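The structure appears below as structure tokens.
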Amino acid sequence: MSLQRSVDPDQVGFDPARLARVDEHFARYVDAGQLAGWQIVVTRRGEIAHSSTYGMRDREAGLPVESDTLWRIYSMTKPVTSVAAMILWEEGRLQLTDEISRWLPEFADVRVYDRGSALKPYTVPAVEPIRVWHLLTHTAGLTYGFLQTSVVDGLYRAAGFDLYPPPGFDLASATEGLARLPLLFQPGTAWGYSVATDVLGRLVEVVSGQSLDAFFTDRILGPLGMTDTGWWAEGADADRLAACYAAHPGTGQAIRYDQVGALALKKPPLLSGGGGLLSTAADYHRFTQFLLRGGELDGVRLLAPRTVRFMTRNHLPEGQDLGRLSTGGFAETSFDGIGFGLGFAVVLDPVPSRTPSNAGEYYWGGMASTAFWVDPVDEVTALLFTQLVPSSTYPLRAELRQLVYAALVD
């Protein structure tokens, strides 16, 4: 699938010289040894104004980043899972206000952490059941074990739920295990980045009667022509997969991180709707264009325009932003002026977050520093792919916004 530039930048309002600064800036990261390589795509009004690669997908093997390189997109899986849930919503098979215990009875009597230590926590009953919209907005009270910011995520780790679930768990057994752990807060009262989208993936399975990978293929990836997106890479695809790196704690240099990276080379026991997909820039470009076009691409409609607009509004309680509602544990940004929709962060006001974007822009990223955004006001989409863990190591996403919007001159 071609990702070649389809229009001269100045024809869609970009200054070519200013847009060239994107590559110049990110090349410095590679030249300094802080990234192995990257791929960037910028579009406007559905036309590719900028598409570039630099550096190595596998530095040790001397393999360059190419247009069809496969990337671990981690949490950029979450918007795909959210679209899956909203497809079922449009069909009337679930309501956003439904209690998830209707399909996942293990969540019928959840309890909420109140006080105490990880060795002796004190919990109270949930006063509000977890509902579908809580999963979509990360307001369910679930958390991640790897965050290491609360007693509850300590309980997750003690139960084996760290970066990954306990060995041998599939999605059904992991969901049951998570339901036995206390919630971080009462559902609907705060925002906490979490395994909620994994639970949402299990909900999609139960409601649809299909495994998550089958539903994705039949209802999203196949119809959108995202033929290179899947859950693991094998055979010739394994050669296209970029290696995973982490920053050396002393030097900041990118060092090989096969402990995590090699997991993508075999079928996972758990299909993670929160972070399990591999994809290419070309495939995820198609996903962003489907969103920008209001739920349709190349004559295939998966969602109604009104549904996409609804998903990309702020759904947080009382219209608050994440700067006020977040429980913490997410180090990349203060989230001031940022809301959260049904699967996406949403810019409410670019001024508090000091980003030159538009109100209404929506976005997310992945653990290995991948990122995307869709700006329906200026009709801009942008994609960044690299493989550096964690994503908070360098301000790559903020810098890409800064450079792209500085090049937009109409």
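The structure displayed is predicted, hence computed values, not measured ones.
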Side chain to side chain contact (heavy atoms under 4.5 Å, CB included) between T43 and E47, intermediate numbers included: CA-CA 5 Å; T43 81; E47 299 288 347; over 6 Å; no
Between [X] and [Y] (side chain of the first, backbone of the second, donor and acceptor by atom type, cut-off under 3.5 Å), is there such a pair?
X	Y	value
Y156	L142	no
D258	G261	no
H315	F310	yes
D98	L94	no
S6	I48	yes
R93	L88	no
R44	A49	no
Q253	A32	yes
R72	A242	yes
E296	D298	yes

From CA spacing to verdict: ring pair (Phe, Tyr, Trp, His ring centres under 6.0 Å), Y284, F372: CA-CA 9 Å; Y284 215 88; F372 81 95; 5.3 Å; yes
Say you draw a straight line from [atom1] of [X] to [atom2] of [Y]; how long is it, rounded to the nearest 0.5 Å?
X	Y	atom1	atom2	value
R157	T143	CZ	OG1	9.0 Å
L104	L203	CG	CG	5.5 Å
L342	S82	CG	OG	7.5 Å
T175	D170	OG1	CG	8.5 Å
D218	I220	CG	CD1	10.5 Å
T381	R293	OG1	CZ	12.5 Å

Tell me yes or no: between the side chains of [X] and [Y], is some donor less than 3.5 Å from an acceptor?
X	Y	answer
K78	T81	no
S75	Y193	yes
Q320	W191	no
Q387	Y74	no
Q39	T69	no
R111	T123	yes
D375	Y405	yes
T53	E66	no

Aromatic ring pairing W38/Y54, orientation class (parallel under 30°, perpendicular over 60°, tilted between): parallel
Geometric class of the F290/F287 ring pair [parallel <30°, tilted 30-60°, perpendicular >60°]: tilted
Centroid-centroid under 6.0 Å between H138 and F340 rings: yes
Near-ring test Y394/Y29, centroid separation under 6.0 angstrom: yes
Looking at every non-hydrogen atom in both residues, tell me the closest pair between [X] and [Y] and how far apart they are.
X	Y	result
V30	A36	CG1-O, 3.6 Å
L171	G201	CD2-C, 3.9 Å
V12	R45	CA-NH1, 4.0 Å
L400	A382	CD2-CB, 4.4 Å
T280	D283	OG1-N, 3.1 Å
L325	T189	CD1-O, 3.6 Å

From CA spacing to verdict: salt bridge (Lys or Arg N to Asp or Glu O under 4.0 Å), E176, R202: CA-CA 10 Å; E176 292 169 359; R202 176 59 183 157; over 6 Å; no
Evaluation steps, ring pair (Phe, Tyr, Trp, His ring centres under 6.0 Å), between F344 and W364: CA-CA 6 Å; F344 310 87; W364 205 240; 9.4 Å; no
Step-by-step side chain to side chain contact (heavy atoms under 4.5 Å, CB included) determination, L303 to I87: CA-CA 7 Å; L303 293 173; I87 288 173; 3.9 Å; yes
SB check R354 D336 (cutoff 4.0 Å): no
Among V347, V374, N314, the one residue meeting side-chain contact (heavy atoms from CB on, under 4.5 Å) with Y362: V374
Atom pairs and distances, side-chain donor-acceptor, residues 266-279, under 3.5 Å, sequence neighbours left out:
from	atom 1	to	atom 2	distance (Å)
S272	OG	D198	OD1	2.5
S272	OG	G274	N	3.3
S272	OG	G275	N	2.9
S279	OG	T229	OG1	2.8

Salt bridge (Lys or Arg N to Asp or Glu O under 4.0 Å) contacts in which one or both residues fall within residues 21-42, not counting sequence neighbours: none
Residues E399, H25; criterion side chain to side chain contact (heavy atoms under 4.5 Å, CB included); working and verdict: CA-CA 9 Å; E399 290 170 349; H25 177 81; 2.9 Å; yes
Validation row: D321, L316 side chains within 4.5 angstrom (heavy atoms): no
Intermediate values then yes/no, side chain to side chain contact (heavy atoms under 4.5 Å, CB included), L135 and T197: CA-CA 6 Å; L135 297 180; T197 317; over 6 Å; no
Compile the donor-acceptor pairs under 3.5 Å between side chains in residues 178-188 and protein atoms, sequence neighbours left out, one pair per line.
from	atom 1	to	atom 2	distance (Å)
Q186	OE1	V127	N	2.8
Q186	NE2	P125	O	3.3

